[in-house]
Amino acid sequence: MKLILTTDVSGLGGPGDLVEVKDGYGRNYLLPRGFAILATRGAQKQVATIRRAQETRRVRDLDHAKEIKSAIDNMGPITLTAKASANAKKLFGSVTTADIVAAVKSAGGPVLDKRTVDTAGHIKTTGKHTVNVRLHPDVTVALTLSVVPTA
């Protein structure tokens with residue numbers, strides 16, 4: 001199935017890219033969520049429009065991403081509380097990306113999208129953890145997260 005991506009899909013491509021994917025992936029995931037449109041002759045013409053709009057936004061987004069990166073760097077470590085076991089090492093459950101975004105916001109940081117946060121696995125223990133935030137394809141910031149047990 002040939003599709004034209006309308007948004008950035010990790011591991012597949014960016015807006016305006018013509019990709020060929022398996023029918024089920026396109027029909028059940030990409031098309032219903034609006035991540036892609038069918039590749040027709042009219043849609044091929046829209047690719048040029050999408051790419052021009054993307055290029056004009058890229059410079060503005062890069063500058064904005066650098067501003068957000070400097071704001072996150074100035075924050076220092078983010079403290080997040082979670083329920084832990086009796087010895088206060090293992091968590092009941094794990095820390096999600098939504099928890100991290102809420103902790104950054106409550107610490108006075110910028111509002112982030114939870115899809116941009118990469119935990120590199122599950123955070124299931126207390127202590128310090130490093131989390132990467134992908135603000136732009138060219139800008140990634142490492143965030144130090146300190147997970148402490150609730151009192």
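Predicted model only: the values in this text are computed from it and were never measured.
Cluster membership for Val148 and Leu145, using ILVMFWY side-chain heavy atoms within less than 4.5 angstrom, is not shared.
For the atom pair NE2 of His64 and NE2 of His136, the computed distance is 11.5 Å after rounding to the nearest 0.5 Å. Atoms OH and CG, on Tyr25 and Leu12 in that order, are 5.0 Å from each other to the nearest 0.5 Å. With rounding to the nearest 0.5 Å, the separation of OG1 in Thr140 from CG in Asp118 is 9.0 Å. Considering NZ of Lys124 and CG of Leu91, their distance stands at 9.5 Å, rounded to 0.5 Å. For the atom pair NZ of Lys2 and OG1 of Thr40, the computed distance is 12.5 Å after rounding to the nearest 0.5 Å. Here the straight-line distance linking atom CD1 of Ile78 with atom CD1 of Ile100 works out to 10.5 Å at 0.5 Å rounding.
Summarising the geometry of Lys69 relative to Leu135, their closest heavy-atom pair is N-CD1, 3.7 Å, with the distance given to 0.1 Å. Of all the heavy atoms in Gly14 and Leu5, the pair that sits closest is O-CB, 3.4 Å. Listed here is the closest heavy atom pair of Thr126 and Pro149: CG2-CD, 3.9 Å. Residues Ala103 and Leu80 share a closest heavy-atom pair of CB-CD1, 3.3 Å. Heavy atoms only, all atoms of each residue included: Thr125 and His129 are closest at O-NE2, 2.9 Å. When all heavy atoms are compared, the tightest approach of Met75 to Gly109 is SD-CA, 3.4 Å.
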Side chain to side chain contact (heavy atoms under 4.5 Å, CB included), that's the test. Do Val139 and Ile68 meet it? Break it down for me.
CA-CA 10 Å; Val139 180; Ile68 293 173; over 6 Å; no
Please lay out, stage by stage, how Asp113 and Val101 fare under the test side chain to side chain contact (heavy atoms under 4.5 Å, CB included).
CA-CA 7 Å; Asp113 185 7; Val101 169; over 6 Å; no
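Partners of Asp17 by salt bridge (Lys or Arg N to Asp or Glu O under 4.0 Å), not counting sequence neighbours, listed by chain and number: Arg51. Arg33 meets the side-chain contact (heavy atoms from CB on, under 4.5 Å) test with Tyr29, Phe35; sequence neighbours excluded.
Judged by distance alone, the side chain of Thr6 and the main-chain N or O of Gly34 form a donor-acceptor pair under 3.5 Å. Side-chain atoms of Asn74 come within 3.5 Å of backbone atoms of Ser70 as a donor-acceptor pair (strictly under, hydrogens ignored). Judged purely by atom type and a 3.5 angstrom limit, Thr119 has no side-chain atom pairing as donor or acceptor with the backbone of His122.
For the side chain to side chain contact (heavy atoms under 4.5 Å, CB included) criterion with Val141, the lone passing option out of Val133, Asn132, Val131 is Val133.
Taking the side chain as every heavy atom from C-beta outward, Lys66 and Leu62 approach each other to under 4.5 Å. A 4.5 Å side-chain heavy-atom check between Val9 and Val19 finds every atom pair outside the cut-off. With a 4.5 Å cut-off on side-chain heavy atoms, Ile123 and Ser94 do not count as touching.
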